[in-house]
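Each remark here refers to the structure printed beneath this line.
Values in this document were obtained by computation on a predicted structure and should not be read as measured data.
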Amino acid sequence: MKLLYRDAALADGRSSALAVGVSVLVDAGHIVWIRPTDAEEDPGDAEVIDAGGATIVPGMVDCHSHLTLPGGSHWIDRGQDTPEQLVRHAEHNAKLQTHAGVRWARDVGAPVGVDPVDGRERALSLGLRDRWGGHKEYPYVRAAGTWVTKAGTLPAGLAAEAEDGDELLRLALQQLDDGADLVKLYLDGPDPETAPWTANEVQRVVAAAHERGAKVTAHAGRLSGSRVCADAGVDCIEHGFELDEDCARLMKERGIALVSTLTVLKSWQTFARTTTIDRFASDEGRGRVAERWEAARQSIKHAHAAGVLLGAGTDFGGGSARANQLAWEVEALVESGLEPWEALAAVTWKAGEILGEPEAGQIREGGHADFFLVHGDPLTDPAALWRVWRVAWTDG
């Protein structure tokens with residue numbers, strides 16, 4: 001079936017310029033042509049969608065997702081839900097994401113359990129990825145398996161826990177054996193001043209994963225972990241809330257990307273009013289969150305100034321955000337000094353580069369018709385990304 005989206009605007013995250021008076025012809029899930037509305041080619045028998053006043057945006061990439069978890073102020077507790085409950089959370093999250101303009105989900109940690117559908121015991125995200133492929137009502141998924149951590153760092157039973165460097169390597173490769181697309185290490189530990197693994201131990205994992213054609217990303221909310229990641233040459237750092245200029249410079253030199261998750265801290269700020277949880281609602285808790293927010297904004301400025309490849313995600317599920325809140329991350333990046341078009345790039349084509357998926361976050365002739373339409377101009381008003389009018393997904 002042919003569809004002609006007529007007289008829209010177009011924001012592709014490549015520049016600050018909004019194209020207006022644009023028509024896009026879609027046939028069989030692919031973009032046939034993109035033309036000025038006053039110079040359209042014959043669309044044949046295409047159904048015409050009057051897109052006047054709307055802006056076409058590439059399908060977004062949530063570069064830091066946890067599909068099996070619902071988020072909210074009790075997000076840590078939800079990791080103990082049963083596999084059946086976790087899979088149900090994921091089904092709901094898929095609807096939230098796709099309706100919010102998110103086409104790709106990079107899952108960077110899921111609990112291990114016996115999948116209630118396929119019966120396999122592994123990170124539950126892997127079965128979801130396999131089942132959801134080829135269905136446009138679900139996001140495309142790339143998944144890291146479960147978190148690989150130092151024993152005692154996360155709640156018992158949530159992650160793959162290693163006691164030493166040899167076990168760290170074994171458990172990381174186990175994720176790839178289970179079918180993961182990438183490896184996720186956890187570089188925060190009980191002592192915020194000391195990373196739980198050395199650069200040499202992490203580098204062994206990086207070398208082994210690269211030998212198998214896979215990338216390694218690492219959770220590092222503290223500077224200590226980020227420094228180890230930079231020294232070890234991981235492919236990407238998640239969060240990076242405490243980067244300094246030297247760490248950002250080394251990341252750029254070594255081609256290490258950063259995935260921002262400022263939405264976590266924005267959501268914690270709201271919990272000061274909507275919960276009675278002491279770490280958020282007390283004066284001391286509010287102060288700590290405010291300090292971390294300012295440090296995280298400064299980290300983004302350091303990374304941006306250094307030219308680090310910057311993607312973005314919500315950390316929904318594994319953090320407190322929800323699956324349909326990627327627009328919040330774009331707004332937070334703008335608050336941290338990025339231009340709106342740069343923030344949009346971080347959730348579209350730059351996130352696609354981190355994924356290693358050339359089609360992700362792109363709008364081009366001949367490419368997949370994976371885009372959505374919003375009311376307003378996200379290049380001057382990032383809040384427009386909340387105002388989704390219509391999604392145009394292809395069966396991938």
Aromatic plane relationship, His66 with Trp147 - under 30° parallel, 30 to 60° tilted, over 60° perpendicular: parallel

Shared hydrophobic cluster for Leu169 and Trp197 (ILVMFWY, side-chain gaps under 4.5 Å): yes

Trp386 versus Glu331, side-chain donor and acceptor atoms under 3.5 Å: yes

Over 12 foreign heavy atoms within 6.0 Å of CG, Asp191: yes

Transitive ILVMFWY side-chain link Trp293 to Leu258, under 4.5 Å: yes

Salt bridge flag under 4.0 Å for residues Glu91 and Arg88: no

Pair His135 and Trp393, ring centroids less than 6.0 Å apart: no

Parallel, tilted or perpendicular: ring planes of Trp75 versus Phe280, cut at 30 and 60 degrees: tilted

Salt-bridge criterion met for Glu335 and Arg297 (N-O under 4.0 Å): no

Intermediate values then yes/no, side-chain hydrogen bond (donor to acceptor under 3.5 Å, both in side chains), Gln362 and His368: CA-CA 8 Å; Gln362 304 268 9; His368 290 299; over 6 Å; no

ring-ring contact (aromatic ring centres under 6.0 Å, His included): pairs with one or both residues in residues 216-244, sequence neighbours excluded: His64-His239, Tyr186-His219, His219-His239, His239-Phe241

Gap separating the CD atom of Gln203 from the NE2 atom of His210, nearest 0.5 angstrom: 9.0 Å

Atom pair CD/SG of Glu353 and Cys63 - distance to nearest 0.5 Å: 10.5 Å

NZ/Lys252: more than 12 non-hydrogen atoms of other groups inside 6.0 Å: no

Reported CG-to-CZ distance for the pair Leu67 and Phe316, which is rounded to 0.5 angstrom: 4.5 Å

Derivation and outcome, side chain to side chain contact (heavy atoms under 4.5 Å, CB included), residues Trp328 and Leu385: CA-CA 9 Å; Trp328 209 357; Leu385 294 172; over 6 Å; no

Side-chain donor/acceptor of Asp235 to backbone N/O of Val216, under 3.5 Å: yes

Arg14 charged N/C atom sitting above Trp341 aromatic ring, 6.0 Å / 45°: no

His30 atom NE2, over 12 foreign heavy atoms within 6.0 Å: yes

Salt bridge Arg122-Asp130, side-chain N to carboxylate O under 4.0 Å: yes

Check: Thr348 side chain, Leu344 main-chain N or O, donor-acceptor pair, under 3.5 Å: yes

Short N-O contact, Glu167 and Lys150, less than 4.0 angstrom: no

Atom pair CZ/CZ of Arg273 and Arg286 - distance to nearest 0.5 Å: 7.0 Å

Thr217 side-chain N/O to Cys236 backbone N/O, donor-acceptor pair under 3.5 Å: yes

Residue pair Val61, Val102: steps toward the side chain to side chain contact (heavy atoms under 4.5 Å, CB included) verdict: CA-CA 6 Å; Val61 181; Val102 176; over 6 Å; no

Trace of the salt bridge (charged side-chain N to carboxylate O under 4.0 Å, His left out) decision for Asp181 with Lys215: CA-CA 8 Å; Asp181 301 300; Lys215 293 183 178 181; over 6 Å; no

Under 3.5 Å side-chain donor-acceptor pair for Tyr138 and Gln97: no

hydrophobic_cluster_shared for Trp132 and Trp104, side chain cutoff 4.5 Å: no

Residues clustered with Leu309, ILVMFWY side-chain links under 4.5 angstrom: Val259, Ile354

Common cluster, Val22/Leu18, ILVMFWY with side-chain heavy-atom separation under 4.5 Å: no

Ionic contact status for Arg249 with Glu245, cut-off 4.0 Å: no

Verdict with reasoning, His302 to Asp244, per side-chain hydrogen bond (donor to acceptor under 3.5 Å, both in side chains): CA-CA 7 Å; His302 288 320; Asp244 60 16; over 6 Å; no

Pi-cation contact, Trp268 with Arg279 (under 6.0 Å, within 45°): yes

SB check Glu359 Arg364 (cutoff 4.0 Å): yes

CG on Leu69 to CG on Asp107, rounded to 0.5 Å: 8.5 Å

Criterion salt bridge (charged side-chain N to carboxylate O under 4.0 Å, His left out) on Glu291 and Arg288, from CA distance to verdict: CA-CA 5 Å; Glu291 289 175 2; Arg288 282 197 301 267; over 6 Å; no

Carboxylate-amine/guanidinium proximity below 4.0 Å for Arg204 and Asp166: yes

Pairing of Arg106 and Glu238 as salt bridge, 4.0 angstrom limit: yes

Ser336 OG to Leu262 CG distance, which is reported to the nearest 0.5 Å: 4.5 Å

Atom CD of Glu41: over 12 foreign heavy atoms under 6.0 Å: yes

Salt bridge (charged side-chain N to carboxylate O under 4.0 Å, His left out) between Asp381 and Arg387, worked out: CA-CA 11 Å; Asp381 176 20; Arg387 301 191 290 269; 3.0 Å; yes

Under 3.5 Å: donor-acceptor pair, side chain of Gln175, backbone of Ala172: no

Ionic contact status for Asp370 with Lys136, cut-off 4.0 Å: no

Under 3.5 Å side-chain donor-acceptor pair for Ser23 and Thr37: yes

Backbone of Thr263 reached by a side-chain donor or acceptor of Glu329 within 3.5 Å: yes

Hydrophobic cluster membership, Ile34 vs Leu3, 4.5 Å side-chain cutoff: yes

Residue pair Arg120, Asp178: steps toward the salt bridge (charged side-chain N to carboxylate O under 4.0 Å, His left out) verdict: CA-CA 10 Å; Arg120 296 183 62 180; Asp178 285 345; 5.4 Å; no

Donor-acceptor contact present, side-chain Lys350 to main-chain Ala345, <3.5 Å: no

Lys/Arg-Asp/Glu bridge criterion (N-O < 4.0 Å) met for Arg222, Glu242: yes

Residues Asp177, Arg212: salt bridge by 4.0 Å N-O rule: yes

Check against side chain to side chain contact (heavy atoms under 4.5 Å, CB included), Leu124 and Leu126: CA-CA 5 Å; Leu124 293 169; Leu126 302 178; over 6 Å; no

Thr198 side-chain N/O to Glu201 backbone N/O, donor-acceptor pair under 3.5 Å: yes

No-hydrogen, no-angle side-chain donor-acceptor test under 3.5 Å, His99 and Asn324: no

